[in-house]
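Numbers here are sequence positions counted from 1.
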Amino acid sequence: MEFLGDAVLSLVVNEYLYRHYTSKREGELTKMKSVIVSKSILSHYAKQHGLGSFILMSENAYKAGVDEADSVLADTFEAVFGAVFLDGGFEAARECIGRLLLSDVKDIFYSEKNINYKSLLQEYIQALHKIPPRYRVSSTTGPEHQKEFAVDVTVQGRVIATGAGKTKKEAEQEAARSAYKRLLNADGIVDESV
């Protein structure tokens, strides 16, 4: 069901973006779609609608918090869209996705936490240097259950920014954000996609 829901969601989001953002180029629309259908956005809206409480699972899985795992919630949200499509057709799925997800599309795009700075930085660096930026953990602090990671982002072996976070992924995203904004500022560029 999740497989079908993923396809229906992609089609509805593509159509929505095509109709509402006519001045955007294909690459920009692709970036916008990837934000909307990302695991973090889908799981956020699944949590907002209380979807986790409807997932049937073993007692052990429930105790382990599987019903709150982002990947499980995102997949379940997509499965709901697949079920709506099978039950009511494309129009019902379009209405459901529009009501549950696309009604907040501007909030999704303009929320700082939804911007994939790693992707933006990679595109920017590869356009200039033809190589991707690299990330490396520079330090780990704190007790095992509350680790804090510091990550350096480098280009051609030179550190261009550092970020910190509770996970490596979070620290990488923060390092990329810092580097991307610093580079745009240094070049006097205003990026309207963020």
Side-chain angles (χ1 to χ4, degrees), residues 2 6 9 30-80 101 104-105 107-186 191 193-194:
E2 178 250 331
D6 176 62
L9 175 63
T30 299
K31 280 188 211 173
M32 293 167 79
K33 176 195 171 195
S34 72
V35 170
I36 295 172
V37 302
S38 68
K39 177 174 62 174
S40 62
I41 293 297
L42 294 179
S43 65
H44 168 77
Y45 281 91
K47 286 176 189 171
Q48 186 177 8
H49 296 295
L51 192 57
S53 64
F54 295 98
I55 302 171
L56 297 177
M57 63 186 66
S58 71
E59 188 66 30
N60 287 339
Y62 183 75
K63 286 178 182 175
V66 171
D67 61 323
E68 290 296 315
D70 286 349
S71 60
V72 171
L73 287 168
D75 289 350
T76 304
F77 208 32
E78 288 176 335
V80 167
L101 189 62
D104 289 340
V105 79
D107 291 338
I108 292 170
F109 290 142
Y110 297 110
S111 174
E112 178 84 4
K113 68 180 178 155
N114 296 332
I115 298 170
N116 185 343
Y117 282 106
K118 283 183 69 176
S119 176
L120 291 173
L121 180 65
Q122 181 162 329
E123 289 174 16
Y124 190 83
I125 295 298
Q126 283 195 232
L128 292 174
H129 302 288
K130 308 294 186 235
I131 58 165
R134 303 272 185 232
Y135 297 87
R136 71 170 182 246
V137 175
S138 57
S139 70
T140 305
T141 58
E144 193 62 40
H145 65 283
Q146 285 185 312
K147 288 233 184 267
E148 181 84 13
F149 296 90
V151 170
D152 294 332
V153 59
T154 64
V155 176
Q156 296 176 329
R158 195 178 103 237
V159 175
I160 59 172
T162 299
K166 292 180 171 54
T167 65
K168 290 177 190 175
K169 185 175 180 180
E170 191 179 292
E172 288 174 355
Q173 185 68 221
E174 181 57 29
R177 184 192 68 76
S178 177
Y180 184 73
K181 289 190 170 194
R182 183 178 301 147
L183 290 169
L184 289 187
N185 191 38
D191 186 353
S193 70
V194 296

Excluding sequence neighbours, so at least two apart, what forms side chain to side chain donor-acceptor pair (under 3.5 Å) with Tyr135? none
Who pairs with Lys147 by salt bridge (charged side-chain N to carboxylate O under 4.0 Å, His left out), at least two apart in sequence or on another chain? Glu144
Taken in chain and number order and not counting sequence neighbours, the residues that satisfy side-chain contact (heavy atoms from CB on, under 4.5 Å) with Gln48 are His44, Tyr45
Residues at least two apart in sequence or cross-chain that pass side chain to side chain donor-acceptor pair (under 3.5 Å) with Asp70, listed by chain then number, are Ser43, Lys47
With sequence neighbours left out, what residues match Glu123 under salt bridge (charged side-chain N to carboxylate O under 4.0 Å, His left out)? Lys31
By side-chain contact (heavy atoms from CB on, under 4.5 Å), Thr30 pairs with (sequence neighbours left out) Glu26
So Val155 and Leu128, do their side chains get closer than 4.5 Å, heavy atoms only? no
Assign the ring pair Tyr180 / Tyr117 to parallel, tilted or perpendicular, where the plane angle (0 to 90°) is split at 30° and 60°. tilted
Residues forming a side chain to side chain donor-acceptor pair (under 3.5 Å) with Gln126, sequence neighbours excluded: Gln122
Report yes if the side chains of Leu73 and Ile55 come closer than 4.5 Å at any heavy-atom pair, otherwise no. yes
Under the salt bridge (charged side-chain N to carboxylate O under 4.0 Å, His left out) rule, collect the residues that match up with Lys33, sequence neighbours excluded. none
Looking at Arg177 and Glu174, is there a salt bridge between them, counting it only when a charged N and a carboxylate O are closer than 4.0 Å? yes
Residues in side-chain contact (heavy atoms from CB on, under 4.5 Å) with Ala179, at least two apart? Leu121, Val153, Ile160, Ala161
Set of side chain to side chain donor-acceptor pair (under 3.5 Å) partners for Glu78, sequence neighbours left out: none
Taking only residues two or more places apart in sequence or in another chain, which ones pass side-chain contact (heavy atoms from CB on, under 4.5 Å) with Ser58? Asn60, Ala61
Could you give the distance from CD (Glu172) to CZ (Arg134), rounded to the nearest 0.5 Å? 12.0 Å
Strictly by salt bridge (charged side-chain N to carboxylate O under 4.0 Å, His left out), give each pair with a member in residues 150-166 just once, sequence neighbours left out. Arg136-Asp152
